[in-house]
Protein chains: 2
Amino acid sequence: MSSRASQRLTEAASRLFQAKGLSSVGINEVVREAGVAKMSLYNNFPSKSDLAKAAYAQLSKERQQAIEALVKKVADPETAILEMFDLAGRLAARPGFRGCAFIDLAAHSAQDIGLRDLVRDHKRAIHRHFEESARRHGAVRPRQLATQLLALWDGALTDAAIEGSLEPIHAAREAAHVLLAASK
Amino acid sequence: MSSRASQRLTEAASRLFQAKGLSSVGINEVVREAGVAKMSLYNNFPSKSDLAKAAYAQLSKERQQAIEALVKKVADPETAILEMFDLAGRLAARPGFRGCAFIDLAAHSAQDIGLRDLVRDHKRAIHRHFEESARRHGAVRPRQLATQLLALWDGALTDAAIEGSLEPIHAAREAAHVLLAASK
DNA sequence: AGCAAAGTAGACAGACCAGTCTACCTAGAG
DNA sequence: CTCTAGGTAGACTGGTCTGTCTACTTTGCT
């Protein structure tokens with residue numbers, strides 16, 4: 001399955017949606033960027049919303065793989081969690097960074113249930129990784145700790161975008177360190 | 001100044017933009033909700049963007065006044081900070097809550113510098129309140145603590161909206177407590 | 001070679017939206 | 001009473017967007 005055109009479309013869509021936000025990118029721009037005819041879009045996806053679903057699902061998978069690679073590489077769970085904030089820092093340092101793509105998507109998909117579910121599932125997946133590391137760290141309440149770390153992570157990415165600075169992410173990393181120390 | 005129509009417009013705009021997001025609300029809907037003619041909008045504001053600026057500036061002022069009232073009411077700075085998270089909980093418990101209106105605005109105003117500045121200024125104002133309380137609390141690094149608390153606050157509001165639950169806000173309040181204890 | 005599946009270019013329809021224009025109305029100050 | 005500033009209704013313009021249609025071409029498999 002997944003024809004050549006379909007793949008080029010999801011890649012171009014992922015790039016453009018991240019750079020400008022779902023509702024600021026038109027179909028014509030996507031097909032131009034993908035180097036593909038408009039009809040190839042509608043032969044592969046029923047609607048723009050379905051293309052977005054595919055693009056963001058792909059992005060979510062990539063992000064989760066990056067996190068899994070990181071968690072597997074690092075033995076110490078505390079280090080793994082702190083490195084997740086370093087990863088956030090790397091995302092935020094990219095030129096044109098506009099905040100977490102999934103939070104942005106949530107804002108632009110108020111009425112599209114499929115897309116909102118995708119955002120929720122993505123955040124739950126990250127929560128799961130935090131919780132697993134928190135549990136291995138020996139936290140008394142790993143679930144709550146994961147919820148706190150996720151809020152820090154999301155807030156830090158958002159504030160970094162608003163201020164155009166990496167300071168929120170560095171501060172959040174430090175806060176994660178304090179929360180981990182207090183969690184046993 | 002500020003004619004009757006202008007006031008009704010900013011109020012209606014504030015309500016609708018909070019409920020649906022800036023770009024999901026059309027001019028026609030705003031004037032209908034305000035009970036005012038479309039030309040009254042353009043006699044009072046040069047463009048939709050300027051109406052939005054007025055509406056969000058008003059909202060920012062109200063939020064800051066609520067925070068100031070709270071900080072003035074409570075003597076203990078730690079309690080004041082924790083009560084700011086209770087305030088976040090009250091916001092998130094409102095029916096139709098869609099996350100912090102200013103984070104939503106940031107997502108919908110990528111190309112409008114005036115609106116982006118407004119978001120940044122609003123977040124800086126909240127940061128200032130956190131920092132003042134952190135300083136009164138005796139924190140060693142009040143600026144960094146304020147940055148951490150703001151990230152927690154923003155992330156908690158965002159995650160509460162995504163999950164449709166108050167749990168992120170309760171967890172963030174607990175995290176704030178831990179950070180405050182560790183900050184001296 | 002031949003055929004089916006996939007892709008192409010671009011015109012087009014239909015919806016929606018910001019912002020303009022016109023002609024009329026109303027309320028309050030002098 | 002009259003004048004004026006502010007308000008009104010709604011048609012209209014120009015632009016943009018998603019999604020469709022058509023007739024044609026390429027590609028890859030057998």
Side-chain angles (χ1 to χ4, degrees), chain A residues 1-57 104-105 107-116 118, chain B residues 1-57 104-105 107-116 118:
Chain A
M1 266 290 159
S2 118
S3 62
R4 191 195 92 105
S6 156
Q7 197 179 334
R8 299 200 56 161
L9 281 163
T10 46
E11 279 164 12
S14 181
R15 236 176 302 132
L16 290 171
F17 292 161
Q18 276 183 80
K20 305 197 193 182
L22 176 57
S23 55
S24 302
V25 179
I27 286 301
N28 293 306
E29 193 176 353
V30 175
V31 299
R32 200 191 319 130
E33 177 82 6
V36 134
K38 194 191 280 197
M39 272 313 290
S40 294
L41 194 167
Y42 288 100
N43 286 334
N44 285 278
F45 302 93
S47 71
K48 182 190 180 183
S49 167
D50 293 87
L51 169 62
K53 230 165 285 179
Y56 280 102
D104 186 77
L105 176 59
H108 285 86
S109 64
Q111 58 276 47
D112 191 316
I113 294 174
L115 289 176
R116 302 206 65 189
L118 205 150
Chain B
M1 269 291 161
S2 121
S3 63
R4 194 195 91 105
S6 157
Q7 196 180 333
R8 298 201 58 160
L9 281 164
T10 47
E11 279 164 12
S14 181
R15 237 178 299 133
L16 290 171
F17 293 161
Q18 276 183 80
K20 307 198 192 181
L22 176 57
S23 56
S24 302
V25 179
I27 285 303
N28 293 307
E29 194 177 351
V30 175
V31 300
R32 200 191 319 129
E33 176 82 5
V36 134
K38 194 190 279 197
M39 273 312 290
S40 293
L41 196 169
Y42 287 101
N43 286 333
N44 284 279
F45 302 94
S47 72
K48 182 189 181 185
S49 167
D50 292 87
L51 170 61
K53 230 165 284 180
Y56 280 102
D104 186 78
L105 176 59
H108 284 85
S109 63
Q111 59 276 46
D112 190 319
I113 295 175
L115 289 176
R116 302 206 64 189
L118 204 150

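Chain A is the first sequence line, chain B the second, and so forth, proteins listed ahead of strands; every chain is numbered from 1.
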(request) State whether B:S40 places a side-chain N or O below 4.0 Å from either non-bridging phosphate oxygen (OP1 or OP2) of D:dT8. (result) yes

Taken to the nearest 0.5 Å, the spacing of A:S47 OG from A:I27 CD1 works out to 8.0 Å

Between CZ of A:F45 and P of D:dT18 the distance, given in whole Å, is 15 Å

Whole-Å distance, B:Q7 CD to D:dG6 C1', equals 15 Å

request  = Indicate whether OP1 or OP2 belonging to D:dT16 is found under 4.0 Å from a side-chain N or O atom of A:N28.
outcome  = no

Would you state whether a donor and an acceptor, one from the side chain of B:K38 and one from the base of C:dG19, lie under 3.5 Å apart? yes

Of B:G35 and A:S24, the one whose closest nucleotide on DNA chain D sits nearer the 5' end is B:G35

Looking only at C:dT8, D:dT8, C:dA6, the nucleotide nearest the A:S3 side chain is C:dA6

Between CZ of A:R32 and P of C:dG7 the distance, given in whole Å, is 20 Å

Original post:
When we call it a touch if two heavy atoms are under 4.0 Å apart, what does A:V25 touch: a base, just sugar-phosphate, or nothing?
Top reply: sugar-phosphate

Here the pair of heavy atoms bringing B:V31 nearest to B:K38 is CG1-CA, 3.8 Å

When rounded to whole Å, the CE to P distance for the pair A:M39 and C:dG7 reads 11 Å

_Any side-chain heavy-atom pair of B:L22 and B:K48 under 4.5 Å_ = yes

Among C:dG7, C:dT22, C:dG19, the one nearest any side-chain atom of A:R4 is C:dG7

Here the distance between atom C1' of C:dG7 and atom CG of A:L41, to the nearest Å, is 13 Å

In whole angstroms, the gap separating C1' of C:dA18 from CD of B:E29 amounts to 14 Å

Practice task
Please confirm whether the backbone N or O of B:D112 pairs with a side-chain atom of B:S109, one donor and one acceptor, at under 3.5 Å?
Solution key: no

inquiry  = Under a plain distance cut-off of 3.5 Å, with no hydrogens placed, do B:S40 and B:N43 share a side-chain donor-acceptor pair?
reply    = no

Closest to the side chain of B:K48, out of D:dG19, C:dG19, D:dG10, is C:dG19

In whole angstroms, the gap separating P of C:dA13 from CD1 of A:I27 amounts to 20 Å

Rounded to whole Å, the NZ-P distance (B:K20 to C:dC17) equals 10 Å

Side-chain atoms of A:Y42 come closest, of D:dT18, C:dT8, D:dA9, to D:dT18

